[in-house]
Amino acid sequence: EDQVTQSPEALRLQEGESSSLNCSYTVSGLRGLFWYRQDPGKGPEFLFTLYSAGEEKEKERLKATLTKKESFLHITAPKPEDSATYLCAVREDSNYQLIWGAGTKLIIKP
Amino acid sequence: DSGVTQTPKHLITATGQRVTLRCSPRSGDLSVYWYQQSLDQGLQFLIQYYNGEERAKGNILERFSAQQFPDLHSELNLSSLELGDSALYFCASSVEGDTQYFGPGTRLTVL
(Lines give C-alpha, C1' and ligand atoms only; values in the text may rest on other atoms or scores of the structure.)
Protein backbone atom coordinates (compact mmCIF):
# COMPACT_ATOMS: atom_id res chain seq x y z
CA GLU A 1 0.00 0.00 0.00
CA ASP A 2 1.27 3.45 -0.92
CA GLN A 3 1.97 5.53 2.15
CA VAL A 4 3.85 8.46 3.61
CA THR A 5 5.16 8.42 7.19
CA GLN A 6 6.54 11.42 9.00
CA SER A 7 8.67 11.31 12.12
CA PRO A 8 8.81 12.40 14.80
CA GLU A 9 5.18 13.36 15.46
CA ALA A 10 6.38 16.29 17.55
CA LEU A 11 9.74 17.90 18.17
CA ARG A 12 10.70 20.49 20.75
CA LEU A 13 13.96 22.35 20.24
CA GLN A 14 15.73 25.24 21.84
CA GLU A 15 16.28 28.27 19.66
CA GLY A 16 19.44 27.68 17.66
CA GLU A 17 19.36 23.88 18.08
CA SER A 18 19.53 22.33 14.60
CA SER A 19 17.65 19.13 13.76
CA SER A 20 15.98 17.16 10.97
CA LEU A 21 12.46 16.00 10.19
CA ASN A 22 11.92 12.76 8.28
CA CYS A 23 9.43 11.78 5.59
CA SER A 24 9.59 8.19 4.40
CA TYR A 25 7.47 6.97 1.51
CA THR A 26 6.53 3.83 -0.34
CA VAL A 27 5.10 4.45 -3.79
CA SER A 28 5.48 2.60 -7.04
CA GLY A 29 7.02 5.53 -8.86
CA LEU A 30 7.79 8.96 -7.46
CA ARG A 31 6.55 11.91 -9.49
CA GLY A 32 7.34 14.51 -6.86
CA LEU A 33 7.73 15.06 -3.11
CA PHE A 34 6.37 18.23 -1.55
CA TRP A 35 7.07 19.97 1.76
CA TYR A 36 4.64 22.43 3.30
CA ARG A 37 4.50 24.44 6.49
CA GLN A 38 1.15 24.93 8.25
CA ASP A 39 0.42 27.37 11.06
CA PRO A 40 -2.66 26.73 13.25
CA GLY A 41 -5.87 27.65 11.46
CA LYS A 42 -4.04 28.61 8.25
CA GLY A 43 -3.65 26.99 4.86
CA PRO A 44 -0.50 24.98 4.15
CA GLU A 45 2.29 27.14 2.78
CA PHE A 46 4.42 25.62 0.03
CA LEU A 47 8.11 25.20 0.81
CA PHE A 48 9.80 22.80 -1.63
CA THR A 49 9.23 20.33 -4.43
CA LEU A 50 11.79 17.57 -5.02
CA TYR A 51 11.64 15.34 -8.08
CA SER A 52 14.56 12.94 -8.03
CA ALA A 53 16.93 11.22 -5.61
CA GLY A 54 19.93 13.36 -4.80
CA GLU A 55 18.09 16.62 -5.27
CA GLU A 56 18.45 19.31 -2.59
CA LYS A 57 16.72 22.66 -2.13
CA GLU A 58 17.30 25.43 0.39
CA LYS A 59 15.35 28.37 1.69
CA GLU A 60 16.63 30.48 4.57
CA ARG A 61 17.13 28.07 7.52
CA LEU A 62 15.51 25.12 5.76
CA LYS A 63 17.08 22.52 3.49
CA ALA A 64 15.22 19.60 1.92
CA THR A 65 16.91 16.48 0.60
CA LEU A 66 15.59 13.41 -1.19
CA THR A 67 16.65 9.77 -1.47
CA LYS A 68 14.82 6.86 -3.09
CA LYS A 69 12.98 6.05 0.14
CA GLU A 70 12.85 9.22 2.20
CA SER A 71 13.22 12.95 2.45
CA PHE A 72 14.70 15.06 5.20
CA LEU A 73 13.86 18.61 6.12
CA HIS A 74 16.89 20.02 7.88
CA ILE A 75 16.42 23.11 9.99
CA THR A 76 19.53 25.04 10.94
CA ALA A 77 19.66 27.37 13.94
CA PRO A 78 15.86 27.60 14.18
CA LYS A 79 14.01 30.58 15.58
CA PRO A 80 10.68 30.62 17.45
CA GLU A 81 8.93 31.79 14.27
CA ASP A 82 9.85 28.46 12.66
CA SER A 83 7.36 26.78 15.01
CA ALA A 84 4.67 25.14 12.88
CA THR A 85 3.48 21.79 11.60
CA TYR A 86 5.55 20.58 8.66
CA LEU A 87 3.71 18.41 6.14
CA CYS A 88 5.14 16.09 3.52
CA ALA A 89 3.21 14.81 0.51
CA VAL A 90 4.06 12.55 -2.38
CA ARG A 91 2.71 12.29 -5.90
CA GLU A 92 3.20 9.01 -7.67
CA ASP A 93 3.15 8.23 -11.37
CA SER A 94 -0.26 8.10 -13.02
CA ASN A 95 -2.01 9.66 -10.04
CA TYR A 96 -2.99 13.30 -9.67
CA GLN A 97 -3.71 12.98 -5.96
CA LEU A 98 -1.13 13.62 -3.30
CA ILE A 99 -0.53 11.13 -0.51
CA TRP A 100 -0.10 13.12 2.69
CA GLY A 101 1.86 12.41 5.83
CA ALA A 102 0.38 13.24 9.23
CA GLY A 103 2.90 16.01 9.83
CA THR A 104 5.56 16.88 12.38
CA LYS A 105 4.70 19.55 14.93
CA LEU A 106 7.82 21.62 15.54
CA ILE A 107 8.10 23.86 18.60
CA ILE A 108 11.08 26.16 18.98
CA LYS A 109 11.53 27.54 22.48
CA PRO A 110 13.28 30.90 22.94
CA ASP B 1 -0.20 35.20 -0.27
CA SER B 2 -0.60 32.11 -2.45
CA GLY B 3 -2.96 33.76 -4.93
CA VAL B 4 -5.78 31.34 -4.10
CA THR B 5 -8.82 32.98 -2.55
CA GLN B 6 -11.61 31.37 -0.55
CA THR B 7 -14.87 32.77 0.73
CA PRO B 8 -16.27 32.99 3.28
CA LYS B 9 -13.55 32.84 5.94
CA HIS B 10 -15.98 31.67 8.59
CA LEU B 11 -19.36 30.00 8.39
CA ILE B 12 -21.62 29.08 11.28
CA THR B 13 -24.75 27.10 10.56
CA ALA B 14 -27.09 24.51 12.04
CA THR B 15 -27.39 20.79 11.54
CA GLY B 16 -29.40 19.81 8.49
CA GLN B 17 -28.54 22.98 6.59
CA ARG B 18 -26.75 23.40 3.27
CA VAL B 19 -23.78 25.68 2.59
CA THR B 20 -21.61 26.62 -0.38
CA LEU B 21 -17.91 27.34 -0.19
CA ARG B 22 -16.20 29.22 -2.97
CA CYS B 23 -12.66 29.10 -4.32
CA SER B 24 -10.83 31.13 -6.95
CA PRO B 25 -7.60 29.53 -8.17
CA ARG B 26 -4.33 31.25 -8.99
CA SER B 27 -4.21 32.88 -12.37
CA GLY B 28 -3.34 30.26 -14.98
CA ASP B 29 -4.04 27.22 -12.81
CA LEU B 30 -6.55 24.80 -14.30
CA SER B 31 -6.68 22.30 -11.43
CA VAL B 32 -8.62 22.86 -8.22
CA TYR B 33 -8.51 20.54 -5.22
CA TRP B 34 -10.71 20.48 -2.12
CA TYR B 35 -9.52 19.23 1.27
CA GLN B 36 -11.10 18.84 4.71
CA GLN B 37 -9.10 19.20 7.91
CA SER B 38 -10.84 18.43 11.19
CA LEU B 39 -9.42 19.64 14.50
CA ASP B 40 -5.88 18.35 14.98
CA GLN B 41 -6.31 15.98 12.04
CA GLY B 42 -4.48 15.62 8.78
CA LEU B 43 -5.58 16.86 5.39
CA GLN B 44 -8.26 14.67 3.81
CA PHE B 45 -8.50 14.95 0.04
CA LEU B 46 -12.06 15.35 -1.16
CA ILE B 47 -12.11 16.00 -4.89
CA GLN B 48 -10.16 17.45 -7.82
CA TYR B 49 -11.35 19.30 -10.91
CA TYR B 50 -9.33 20.05 -13.98
CA ASN B 51 -10.59 22.64 -16.45
CA GLY B 52 -14.20 22.04 -15.49
CA GLU B 53 -14.09 18.24 -15.38
CA GLU B 54 -13.92 16.01 -12.32
CA ARG B 55 -10.54 14.30 -12.33
CA ALA B 56 -10.17 12.50 -9.01
CA LYS B 57 -12.31 11.67 -6.01
CA GLY B 58 -11.14 11.04 -2.49
CA ASN B 59 -13.05 10.54 0.73
CA ILE B 60 -15.96 12.75 -0.25
CA LEU B 61 -19.34 12.02 1.29
CA GLU B 62 -22.41 11.69 -0.91
CA ARG B 63 -23.86 14.72 0.90
CA PHE B 64 -20.99 16.79 -0.54
CA SER B 65 -20.61 17.86 -4.15
CA ALA B 66 -18.44 20.24 -6.10
CA GLN B 67 -18.15 21.84 -9.49
CA GLN B 68 -15.75 24.01 -11.43
CA PHE B 69 -17.14 26.75 -13.62
CA PRO B 70 -15.94 28.05 -17.02
CA ASP B 71 -14.09 30.90 -15.32
CA LEU B 72 -12.29 28.16 -13.31
CA HIS B 73 -13.61 29.12 -9.91
CA SER B 74 -14.96 26.20 -7.91
CA GLU B 75 -17.69 25.67 -5.37
CA LEU B 76 -18.02 22.97 -2.74
CA ASN B 77 -21.58 22.26 -1.65
CA LEU B 78 -22.20 20.61 1.70
CA SER B 79 -25.73 19.51 2.50
CA SER B 80 -27.62 17.87 5.39
CA LEU B 81 -24.85 19.11 7.63
CA GLU B 82 -23.89 17.16 10.74
CA LEU B 83 -21.87 18.20 13.78
CA GLY B 84 -18.97 16.11 12.49
CA ASP B 85 -18.72 18.23 9.36
CA SER B 86 -17.29 21.08 11.41
CA ALA B 87 -13.79 21.56 10.05
CA LEU B 88 -11.47 23.72 8.02
CA TYR B 89 -12.05 23.35 4.29
CA PHE B 90 -9.15 24.23 2.03
CA CYS B 91 -8.98 24.76 -1.67
CA ALA B 92 -5.73 24.39 -3.57
CA SER B 93 -4.84 25.02 -7.19
CA SER B 94 -2.05 23.95 -9.49
CA VAL B 95 -0.82 23.73 -12.98
CA GLU B 96 -1.77 20.16 -13.88
CA GLY B 97 -0.20 17.70 -11.46
CA ASP B 98 2.38 20.13 -10.17
CA THR B 99 2.81 21.93 -6.86
CA GLN B 100 -0.47 22.71 -5.14
CA TYR B 101 -0.93 26.18 -3.65
CA PHE B 102 -3.45 26.46 -0.85
CA GLY B 103 -5.97 29.12 0.01
CA PRO B 104 -6.54 30.47 3.53
CA GLY B 105 -9.46 28.12 4.14
CA THR B 106 -13.06 28.36 5.28
CA ARG B 107 -13.79 27.44 8.90
CA LEU B 108 -17.18 25.73 9.08
CA THR B 109 -18.91 25.37 12.42
CA VAL B 110 -22.07 23.28 12.58
CA LEU B 111 -24.15 23.82 15.72
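Note: hydrogens, waters and symmetry copies are ignored here, and every other heavy atom, side chains too, is used. Note on naming: letters A, B, ... go to the chains in the order of the sequence lines (proteins, then strands), and numbering restarts at 1 for each one.
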Point-to-point distance, once rounded to the nearest 0.5 Å, from OG1 of B/T99 to CH2 of A/W35: 14.5 Å
Of the listed residues (A/G101, A/G41, A/P40, A/G32), which shares the most heavy-atom pairs with chain B below a 4.5 Å separation? A/G41
Can you tell me if A/R12 has over 12 outside heavy atoms packed within less than 6.0 Å of its CZ? no
Has A/R31 got more than 12 heavy atoms of other residues, nucleotides or ligands less than 6.0 Å from its CZ? no
Going hydrophobic residue to hydrophobic residue with side-chain gaps under 4.5 angstrom, can you get from B/Y49 over to B/F90? no
Path from A/L30 to A/L87 over hydrophobic side-chain contacts below 4.5 Å: no
B/Y33 versus chain A, heavy atoms under 4.5 Å apart: side chain, backbone, both or neither? side chain
Consider only side-chain heavy atoms of I, L, V, M, F, W and Y, link residues closer than 4.5 Å, and tell whether A/I99 and A/L21 are in one cluster. yes
Just give me the residue among B/Q41, B/Q37, B/Q44 that pairs up with chain A most often, heavy atom to heavy atom, under 4.5 Å. B/Q37
Tell me whether the centres of the aromatic rings in A/W100 and B/Y35 are closer together than 6.0 Å. yes
Residue part contacting chain B, namely of A/Y51, when any heavy atom lies under 4.5 Å: side chain
Distance, nearest 0.5 Å, that separates OG of B/S94 from CZ of A/F46: 11.5 Å
What part of A/Q38 gets within 4.5 angstrom of chain B, counting heavy atoms only: side chain, backbone, both, or neither? side chain
Determine whether more than 12 heavy atoms belonging to other residues, nucleotides or ligands lie under 6.0 Å from atom CD of B/E53. no
Could you check whether any side-chain N or O of A/Y36 sits under 3.5 Å from a backbone N or O of B/Q100, counting only pairs where one atom can act as donor and the other as acceptor? yes
Under 4.5 Å to a heavy atom of chain A? For B/S2 that would be neither
Atom pair CZ (B/F102) and NZ (A/K42), whose distance is rounded to the nearest 0.5 Å: 16.0 Å
Under 4.5 Å between side-chain heavy atoms, counting indirect links through other Ile/Leu/Val/Met/Phe/Trp/Tyr residues: same cluster for B/L21 and B/L88 or not? no
Go through the atoms of B/K57 and report whether side chain, backbone, both or neither lie under 4.5 Å from a heavy atom of chain A. backbone
Check whether more than 12 heavy atoms from other residues, nucleotides or ligands sit under 6.0 Å from atom CD of B/E62, and answer yes or no. no
Under a single-linkage definition using a 4.5 Å side-chain heavy-atom cutoff for Ile, Leu, Val, Met, Phe, Trp and Tyr, are B/V95 and B/L30 assigned to the same hydrophobic cluster? no
Could you check if a side-chain atom of A/L98 sits within less than 4.5 angstrom of a side-chain atom of B/F45, using non-hydrogen atoms only? no
